[in-house]
Amino acid sequence: MTRTSAMTLKRPARAGPLISLVPMIDVMLILLVFFMVTSTYLDLDMIPAARRSDAPAAPDPAPSPAPSPGDTVMIRLGGDGIPVVGGSALPGPALTALLRDRLAEDPLAQVIVLPSGAATTQALISVMDAATRAGARRLRVVRLEARP
């Protein structure tokens, strides 16, 4: 009988190549460790709200007009985009002139920009640009979050 010739064994179709994510995960972990080891961390200073001293500070009868070395200039940036320094609004060139005068007296003065949540990015960039044009070397942007 030729019945055996009609029966043939068929192998199952070979599946396509399996894509494994293990090599990609290995590479990502190696890159993560590499960047963690080689990165540097910034020295984040706190805003100097009060000067530290050993003795309690006595109130000065007359405030000194000359700024101390390392003085701080705080610029508040509201939702309207107008920078405010010391309670007075200073748009554009007036801000640059004020910063130039303060930095001429104390070149190490720290300029801190406090933008509100409603301030636009363009307004923040304009204030930072005015500070760098005035010669600020120590410029920081601080975002204050409200506590719930």
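Since this is a predicted model, take the numbers as computed values, not measurements.
Hydrophobic cluster membership differs between Val113 and Met74, with clusters built from Ile, Leu, Val, Met, Phe, Trp and Tyr side chains linked at under 4.5 angstrom. Both Val73 and Leu139 are members of a single hydrophobic cluster when ILVMFWY side chains are connected at heavy-atom separations under 4.5 Å.
Of the candidates Leu31, Ile30, Leu29, Leu31 is the only one forming a side chain to side chain contact (heavy atoms under 4.5 Å, CB included) with Val27. Checked options Ile112, Leu108, Asp106; the residue passing with Gln110 is Ile112 (criterion: side chain to side chain contact (heavy atoms under 4.5 Å, CB included)).
Between Ala119 and Gly78, the closest heavy-atom pair is CB-O, 3.5 Å. The two atoms that bring Ala123 and Gly81 nearest to each other are CB-CA, 3.7 Å, heavy atoms only. In this structure, Arg133 and Ser126 approach most closely via the heavy-atom pair NH2-O, 4.5 Å. The minimum heavy-atom distance linking Ala131 with Val111 is given by the pair CB-CG1, 4.4 Å. Across every non-hydrogen atom of Gly79 and Ser116, the tightest pair is N-OG, 3.4 Å. Thr96 and Ala130 make their closest contact through OG1-CB, 3.4 Å (heavy atoms, listed as atom of the first residue, atom of the second, distance).
Between Leu90 and Ile82 the shortest side-chain heavy-atom distance does not fall below 4.5 Å.
Residue Ile19 holds its CD1 atom at 11.0 Å from CE of Met24, rounded to the nearest 0.5 Å. To the nearest 0.5 angstrom, Asp71 atom CG is 10.0 Å from Leu103 atom CG. Atom CD1 of Ile75 is separated from atom CG of Leu95 by 4.5 Å, given to the nearest 0.5 angstrom.
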Worked check of side-chain contact (heavy atoms from CB on, under 4.5 Å) between Val85 and Leu98: CA-CA 9 Å; Val85 178; Leu98 174 83; 3.6 Å; yes

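The backbone N or O of Val84 sits nowhere less than 3.5 Å from a side-chain atom of Ser88 that would complete a donor-acceptor pair.
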